[in-house]
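Being a predicted model, the structure only gives us computed values, none of them experimental. Per chain, numbering begins at 1; letters A, B, ... match sequence-line order.
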Amino acid sequence: MELENYLSVLNSQQLEAVKHEGSPLLILAGAGSGKTRVITTKIAYLISKKNIDPYRILALTFTKKAANEMAERARDLEPLAVKTPIRTFHSFGAWFLRNHYEEAQIDKNFTVYDDDDMVTLLTKAIPSMAKKQASLIAHQISLCKDYCLTPESPDLVKLVSDPDFPNLYKAYQKRLRETGNVDFGDLIMLPVLILQKNEDVRHHMYNRFHVIMVDEYQDSNVAQFQLVQQLCGPDTYVGVVGDDDQSIYKFRGAEVQNILTFQDHFPGTKIIKLESNYRSTSQILKIADDVVSHNKSRLGKTLVAERGNGKRAKLVFLPNQDDETDFCAELIEQSHKKGCPYSDWAILYRTNAQSLGFETDFLHRKIPYTVVGSLKFYQREEIKDALAWLSFIANPRDEIAFRRIINKPARGIGGVTQDKIVAVLRKKLLIEEASAESETTNANAYNLIDSCYDALNTLSKRANKSVLFFVELVTNLAKNLDENLASAKNVPNAAFAKTAGETLFDGMDLNASQAVGNDGEKLSGFIETLVEKSGLGEYHASQDEISGTQRVGNLQELCNAASLYPCNRDGLISFLEHIELDRTLELDDDEVYDAVTLITLHNTKGLEFPRVIITGMEKGIFPRKDKTEDELEEERRLCYVGITRARDELYLTCCDKRRMYGRTESMEPSPFLLEIAPESIDVIGNQPNSFKRYRKALANNNTQILNSQNAELAEKWHKSVRVYHDDYGYGAILNAKETEGEFVITVQFETGAVKHFMPEYQAHSLMICKE
DNA sequence: TCACAGTGACTTTTT
DNA sequence: GTCACTGTGA
């Protein structure tokens, strides 16, 4: 279809946003208002109508899924958009660092440490630290990096008050640099620091990117904001899209201020609001609005439904979680019998753990499903082992990977021996640092293989033999990979060599999964060899026999995932990077089939489904227990996100009892359920008493009341009830409402005095008079 | 250095 | 109920 036709289907605000130029642009886009359409159309428009080189447009998103979808849609509109880098923030950061590894003082072949690796590294950097404390510190370090604060930043104390923390952070950074690797936070923070310091790099970026677009801007953190800021030169066009009501990543450093103060940082910003919702029916939107309107801190906007009234949503009360599973399964089975595809359905939950019950039941009933965003696969021991091998071959200074693989299967190389070898490496690095030879760190840098050799004569006879065996194993495997390099040298660039109008040798196009030739050796073959030769295969096969697990099968799965990558170092690095930046296991294309989606609420951002069931709508689960007022608002936004994923049908389920920690607990309905106006939703099943009481109070016009405990009080202490107080005598209730979570009544006494009480705490002095 | 058994902690949410 | 960590004995 011609672009004109695409422009003609846009509403006036969308069209304005697409055509806007000349100043920074902030699009405030409600859920389902077609913001992805606006971004993709804008990209196509810039390329075909404004003659912008597709290479010079950069689009940034938060998840791989969103990036892929955006790329696909842009390409459909304008084939040249295939050259436009549409990336996640983190994959952009990784690309940037591969091109500037020297400035960043990291290894060219760096890999990315995840949270677990951070914790392990911390315990090695500071041996006295217990694991629990290490997790806390690791989390705090991540948060600091989200705010782009180095150990030297004076603002560090604002985030973490512990006076010892800067030193811990510093020690961690030093150890991390020694490995040559980076963590997630570095992928954003290091580029910012380099750009701030280095004018040449900055100008290079100004030349490289003339247009920068950011999606889901409400979830950007301070570091990401600074990155965008640094990338923008005086002539760069910047456009961001976001919705403050959908900001759900504060816990990870997301800063709503970024969207609220965008205009201050980018003067002359044009703001365009998109308030027409093309996704959900108005019944569903009404519920979403009922809930989110209880938030105090929001810009405030009202979505207008463009899709008619639709079906009423249903609130379903169920005895326990098994009934919840059954209810969902039967609902889906029935609709499937009537011809509705499984893929119309999505089951949403607050925590990953909740997927388990659905998985087992669906397996049993033969309902096909996919679990989206589950990290489980890459958390499996055997997968971590294989990935550690790959990481170590990619970067032999990777201490964490080294420790993981050197003694697995057991070769008699324990912690003491490992420490010795690592100490040799660290000593050497220290000497190098002192003699300032750091420029030569990369190509033939001293690594753990070298230090293994150097440590040999200090080891016991047994350890000596094992270490020798290990280093030879690694060397041989690495040779395997490097020999392939010669034959497959040009494979990665081949796919682009012909199409590139202008060649930019910065690897931004390098997408291994597209670039592997049909005939070239595949990386999967290498991994198979590795699994066999390293003894991992045998080791895990025996584990399978002992406990009936599927480890060998999982390892095979990992090999399959690598089949799209060429068998050389570049292929290995891109494979690892791909996995590190997107832990969700992708299905092979031919395996895409009709299935129910099981997904956490967080993961649904940017997605939509015809039929949605939000499960576990119980206090303590959703919202989670011990939330402060601010966090409660974020949970409420999460609820809003969940509701607005639904196109046509919405179900909310709430259980009376739920098994937790192996115990069965009695649950209360989620306060969010109480916020939905009774006329907006049909109720099915046995309403809990607290819920009934609340609704009754609501009917008595006590609309203020939020929590069910107070609803109980409100039933007794409502307006115009006569009371007697020990000190003030007789009176009548003027007003009853909830203030800051407490139930407060106002009483007019016969003496004329007006007093406020919390009846909950006045049982001894205040009583209701019988009529 | 390793295997096993007992204990305790535990569940957010993700790139 | 499950998983991971710790300490003990071989």
Can you measure [X] atom [atom1] to [N] atom [atom2] for me and round it to whole angstrom units?
| X | N | atom1 | atom2 | value |
| --- | --- | --- | --- | --- |
| A:Ile621 | B:dT13 | CD1 | P | 11 Å |
| A:Arg87 | B:dT15 | CZ | P | 16 Å |
| A:Arg637 | B:dT13 | CZ | C1' | 13 Å |
| A:Phe184 | B:dT13 | CZ | P | 16 Å |
| A:Ile141 | B:dT15 | CD1 | C1' | 17 Å |
| A:Met118 | B:dT14 | CE | P | 17 Å |
| A:Glu580 | B:dT14 | CD | C1' | 15 Å |
| A:Asp116 | B:dT14 | CG | P | 14 Å |

Protein proximity profile, nucleotides 2-12 of chain B - base contact B, sugar-phosphate-only contact S, no contact -, cut-off 4.0 Å on heavy atoms: S-------BBB
Sequence-aligned protein contact record of nucleotides 5-10 of chain C, with B where the base is within under 4.0 Å of a protein heavy atom and S where only the sugar-phosphate is: S-----
Sugar-phosphate, base or nothing in reach of A:Ser220, heavy atoms under 4.0 Å: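 It contacts nothing in the nucleic acid.
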Sugar-phosphate only, base, or nothing, as touched by A:Tyr249 at under 4.0 Å among non-hydrogen atoms: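 Counting heavy atoms under 4.0 Å across all strands, the contact made by A:Tyr249 is with sugar-phosphate only.
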Does [N] have OP1 or OP2 sitting under 4.0 Å from an N or O in the side chain of [X]?
| X | N | value |
| --- | --- | --- |
| A:Asn603 | B:dT13 | no |
| A:Ser466 | B:dT1 | no |
| A:Thr600 | B:dT14 | yes |

A:Asp186: salt bridge (Lys or Arg N to Asp or Glu O under 4.0 Å) partners, not counting sequence neighbours: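 Counting only residues at least two positions away or on another chain, A:Asp186 forms a salt bridge (Lys or Arg N to Asp or Glu O under 4.0 Å) with A:Lys145, A:Arg177.
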Test salt bridge (Lys or Arg N to Asp or Glu O under 4.0 Å) applied to A:Asp326 - qualifying residues, sequence neighbours left out: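 Partners of A:Asp326 under the salt bridge (Lys or Arg N to Asp or Glu O under 4.0 Å) test: A:Arg365.
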Listed partners of A:Gln218 passing side chain to side chain donor-acceptor pair (under 3.5 Å), at least two apart: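 Scan of A:Gln218 (side chain to side chain donor-acceptor pair (under 3.5 Å), adjacent residues dropped) gives A:Glu216.
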Sequence-distant partners of A:Ser355, side chain to side chain donor-acceptor pair (under 3.5 Å), two or more places apart: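 Partners of A:Ser355 under the side chain to side chain donor-acceptor pair (under 3.5 Å) test: A:Glu359.
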Under the side-chain contact (heavy atoms from CB on, under 4.5 Å) test, residues paired with A:Asp245 that sit two or more places apart: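 For A:Asp245 the side-chain contact (heavy atoms from CB on, under 4.5 Å) partners, ignoring immediate neighbours, are A:Asp243, A:Val292, A:Arg298, A:Lys301, A:Tyr640.
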A:Arg658 bridged to A:Glu324 by N-O distance under 4.0 Å: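 Looking at A:Arg658 and A:Glu324, the cut-off is met.
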Counterpart residues, ring-ring contact (aromatic ring centres under 6.0 Å, His included), relative to A:Phe62 (two or more places apart):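 In terms of ring-ring contact (aromatic ring centres under 6.0 Å, His included), with neighbours along the sequence ignored, A:Phe62 is linked to A:Phe89.
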ring-ring contact (aromatic ring centres under 6.0 Å, His included) against A:Phe110, all qualifying residues, sequence neighbours excluded: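 None.
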Test applied, side-chain contact (heavy atoms from CB on, under 4.5 Å); reference residue, A:Val214; option that passes from A:Asn258, A:Thr61, A:Val228, A:Val241: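 In the set A:Asn258, A:Thr61, A:Val228, A:Val241, the residue that makes a side-chain contact (heavy atoms from CB on, under 4.5 Å) with A:Val214 is A:Val228.
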Pairwise P distance, B:dT11 and C:dT6 [rounded to whole Å]: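 Between the two P atoms, the distance is 15 Å.
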P-based separation of B:dT13 from C:dA4 [nearest Å]: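 The same atom, P, in both gives a distance of 15 Å.
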A:Lys250, NZ atom: more than 12 neighbouring heavy atoms under 6.0 Å: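 Check fails, neighbour count at 12 or below.
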